[in-house]
Amino acid sequence: MIKEYKSIREVVGPIMLVDGVDGVTYDELCEIILPGGEIRQGKVLEINGSKAMVQLFESSTGLNLSESKVRFLGHGIQFGVSEDMLGRVFDGMGRPKDGGPEIIPEKYMDINGLPMNPAARDYPAEFIQTGVSAIDGLNTLVRGQKLPIFSGSGLPHANLAAQIARQAKVLGGESNFAVVFAAIGITFEEAEFFISDFRRTGAIDRTVLFTNLANDPAVERISTPKIALTAAEYLAFEKDMHVLVILTDITNYAEALREISAARKEVPGRRGYPGYMYTDLATMYERAGRKKGSKGSITMIPILTMPEDDKTHPIPDLTGYITEGQIILSRELHRKGIVPPVDVLPSLSRLKDKGIGEGKTREDHAGTMNQLFAAYSKGKEAKELMAILGEAALSEVDLMYAKFADEFEKQYVSQGYETDRSIEETLNIGWKLLALLPKSELKRIKDEHIEKYWPKED
């Protein structure tokens, strides 16, 4: 029996206080019925005795305290899932936004999900091809991995996110691949960019798209990634699909968390963020992975803009602890016109060794990857020396390394947002660049691989 209460005591912005409630629980969904019959939704933020603090999903404008009624629904936010989600655009609360019909759900799932039992987890081990050389060749994404992209304000992470969503595939299992894309707290222009890009390329057919705009309520911002992950869990673990989840921008999610924490008058932690932000991010990120006995998997790419490009800021700092590496976008490369501006040296994929090699990518992958890292690092050092001491102070080999660093950025990293490179193409470009160096410098690659893959003279 759902009870209705006419005991709204106070409304401050999106926060409402309801008195005299009984049996109401934290995170429960409620409906506010206005005198004219309009229904608005809210969520219970806090229970103190018989008082319930409710966060409204919509504005509190026009709310009449004495005439409005509140109805508590007895469950948290649920999302109706079905395979018909593919190819559709939803708002941050899972309501269709593309003018299409409502989805007929196969079942309703709680958006908070259930944490995966660590003993039931399977180790990530299969290569996912994104078509982006700086990721595939050097910081490989593995099925079931969480690999965030650390960006900065004004850097083109949206273009990179759209490119990965368009191009990503599990080799040999493309038909069963889906993308769940959640845009959190973005502008209307960005939302239009993602929707039109996916439609233009046909990627929308295998994508479930959630867009939460900057002018939507903060509480909806917190629900958006959770609803997206609920859709991903259904497709992965009930429909045996390989799902890539892209969440952008986690910084907006954390800001919403801080805003709601301040509204609840909680004691702030680092930089005003709530002390439980680590736990909150972990419960979200840890929904990715592979389950033993399940063919499906969830691979996650969270994207976040580092405030002031600061890697030690709480959001990238905590994300780095929970996830398995990071791809870092560089402002310096962006100024040089490198597209995408991925800085490969501080980037890292902790699971890359598990997804490469014979039978997965190619036998020479590990050696060429290590050699390219080493050569690019040495080339950058040579360029710094050249800037200080002048070109004449460098040895012939150092000059070769300096040239290699420039060509590596131009040919390997800078490929544009429309180029989809196979892993074979990426590895071959790597060999072409290594041919700029003497064979004697290739100390990290097996001799038989040098013999087999060294570019032949035309």
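For this chain, numbers begin at 1 and follow the sequence in order. Here the structure is a predicted model, which is why all the values come from computation and not from measurement.
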Do M241 and F177 have side chains that get closer than 4.5 Å, going by heavy atoms?
no
Could you tell me the separation between the CD atom of E255 and the CG atom of D249, rounded to the nearest 0.5 Å?
9.5 Å
Verify side-chain contact (heavy atoms from CB on, under 4.5 Å) between R335 and L333, making sure each step is shown before the conclusion.
CA-CA 5 Å; R335 285 194 199 106; L333 290 178; over 6 Å; no
Please report the interatomic distance CD1(I328) to OG(S330), rounded to the nearest 0.5 Å.
9.5 Å
Please round to the nearest 0.5 Å and tell me the distance separating atom OG of S347 and atom CZ of F373.
7.5 Å
Would you say the side chain of V219 lies within less than 4.5 Å of the side chain of I260, judging by non-hydrogen atoms?
yes
Any side-chain heavy-atom pair of V142 and K352 under 4.5 Å
no
Backbone N or O of D406 within a donor-acceptor pair of the E409 side chain at under 3.5 Å?
no
Just by distance, with hydrogens left out, do T319 and D317 show a side-chain donor and acceptor under 3.5 Å apart?
no
Close side-chain approach of I327 and I135, heavy atoms under 4.5 Å:
yes
Below 4.0 angstrom, N of the basic side chain to O of the carboxylate: do R95 and E220 qualify?
yes
Look only at the side chain of R258 and the backbone of R271, and say whether a donor-acceptor pair between them is shorter than 3.5 Å.
yes
Side chains of T299 and R143: do they bring a donor and an acceptor to under 3.5 Å?
no
Counting N and O atoms only, with roles assigned by atom type, does the side chain of T251 sit under 3.5 Å from a partner on the main chain of T305, one being a donor and the other an acceptor?
yes
Run the ring-centre check on Y273 versus H313 and record whether the distance is less than 6.0 Å.
yes
Any side-chain donor near an acceptor of the partner, D19 and Y5, under 3.5 Å
no
To check you understand the geometry: which heavy-atom pair defines the closest contact between V132 and P340, and what is its length?
CG1-CG, 4.2 Å
Close side-chain approach of I15 and L45, heavy atoms under 4.5 Å
yes
For the residue pair T230 / R287, report whether a side-chain donor-acceptor contact shorter than 3.5 Å exists.
yes
Heavy-atom closest pair (A254 atom, M277 atom, distance to 0.1 Å) is CB-SD, 3.8 Å
With side-chain contact (heavy atoms from CB on, under 4.5 Å) as the test, would you mind laying out the steps for D27 and N112 before giving the verdict?
CA-CA 10 Å; D27 229 15; N112 294 305; 3.4 Å; yes
If the test is ring pair (Phe, Tyr, Trp, His ring centres under 6.0 Å), which one of F210, F194, F90 qualifies with F181?
F194
Give the minimum heavy-atom separation between V344 and A134, together with the two atoms involved.
CG1-CB, 4.0 Å
I'd like to know if E83 pairs up with K107 as an ion pair, taking the criterion as any Lys NZ or Arg NE/NH1/NH2 lying under 4.0 Å from an Asp or Glu carboxylate oxygen.
no
Got more than 12 heavy atoms from elsewhere within 6.0 Å of CD, E4?
yes
Considering all heavy atoms of both residues, which atom of G74 and which atom of E28 are nearest to each other, and what is their separation?
N-OE2, 2.8 Å
So does N176 get a backbone contact from the side chain of R206, meaning a donor-acceptor N/O pair under 3.5 Å?
no
More than 12 heavy atoms of other residues, nucleotides or ligands under 6.0 Å from OH of Y276: yes or no?
yes
Short question: side chain of N212, backbone of G185 - any donor-acceptor pair under 3.5 Å?
yes
Check whether any side-chain N or O of H334 sits under 3.5 Å from a backbone N or O of E332 as a donor-acceptor pair, and report yes or no.
no
What is the distance from atom CG of L329 to atom CG of D309, rounded to the nearest 0.5 Å?
10.0 Å
With distance as the sole criterion, is a donor-acceptor pair present between the side chains of T130 and D136 under 3.5 Å?
yes
Working to the nearest 0.5 angstrom, can you tell me the gap between L235 CG and H242 NE2?
12.5 Å
CG of L65 to NZ of K6: how many Å apart, nearest 0.5 Å?
12.0 Å
For the backbone of P101 and the side chain of R88, can you confirm whether one donor and one acceptor N or O come within less than 3.5 Å of each other?
yes
Do E106 and Y234 meet the criterion of a side-chain donor-acceptor pair at a distance under 3.5 Å?
yes
Is it the case that K291 places NZ or CZ above or below the six-membered ring of F237, under 6.0 angstrom from the centre and within 45 degrees of the axis?
yes
Tell me whether Q326 contacts the main-chain N or O of P346 through its side chain, where contact means a donor paired with an acceptor under 3.5 Å.
yes
Evaluate side-chain contact (heavy atoms from CB on, under 4.5 Å) for M284 paired with Y253, printing each intermediate quantity in order.
CA-CA 11 Å; M284 190 164 73; Y253 172 84; 4.0 Å; yes
Okay, side chain of R290, backbone of R121: is any donor-acceptor separation there less than 3.5 Å?
no
Closest heavy-atom pair and its distance - R421, S133
NH1-OG, 2.8 Å
I'd like to check I32 versus K69 (side-chain heavy atoms, cut-off strictly below 4.5 Å). Are they in contact?
no
Let's go through R362 and E424 carefully: what are the C-alpha distance in whole Å and the side-chain angles of both, what is the deciding distance for salt bridge (charged side-chain N to carboxylate O under 4.0 Å, His left out) to 0.1 Å, and is it a yes or a no?
CA-CA 8 Å; R362 206 167 74 182; E424 296 278 333; 3.0 Å; yes
May I ask you to check whether over 12 heavy atoms, not counting those of K295, lie within 6.0 Å of atom NZ?
no
Heavy-atom neighbours of K97 NZ exceed 12 at 6.0 Å:
yes
Are L257 and L281 close enough that some pair of their side-chain heavy atoms sits under 4.5 Å apart?
no
Evaluate the ring planes of H365 and F127, with Trp represented by its six-membered ring, and classify them as parallel (under 30°), tilted (30 to 60°) or perpendicular (over 60°).
perpendicular
Within the distance-only criterion (no hydrogens, no angle test), does the side chain of N370 pair as donor or acceptor with the backbone N or O of A366 below 3.5 angstrom?
yes
Where do R331 and S153 come nearest, in terms of heavy atoms and distance?
NH2-O, 2.9 Å
Any carboxylate oxygen within less than 4.0 angstrom of a Lys/Arg side-chain nitrogen, looking at R221 and D216?
no
Run the side chain to side chain donor-acceptor pair (under 3.5 Å) check on Q145 and S349 step by step: do they pass?
CA-CA 9 Å; Q145 183 178 7; S349 168; 3.0 Å; yes
Answer yes or no: is there a side-chain heavy-atom contact under 4.5 Å between I301 and V245?
no
May I ask you to say whether E58 pairs ionically with R40, meaning some side-chain N is under 4.0 Å from a carboxylate O?
no
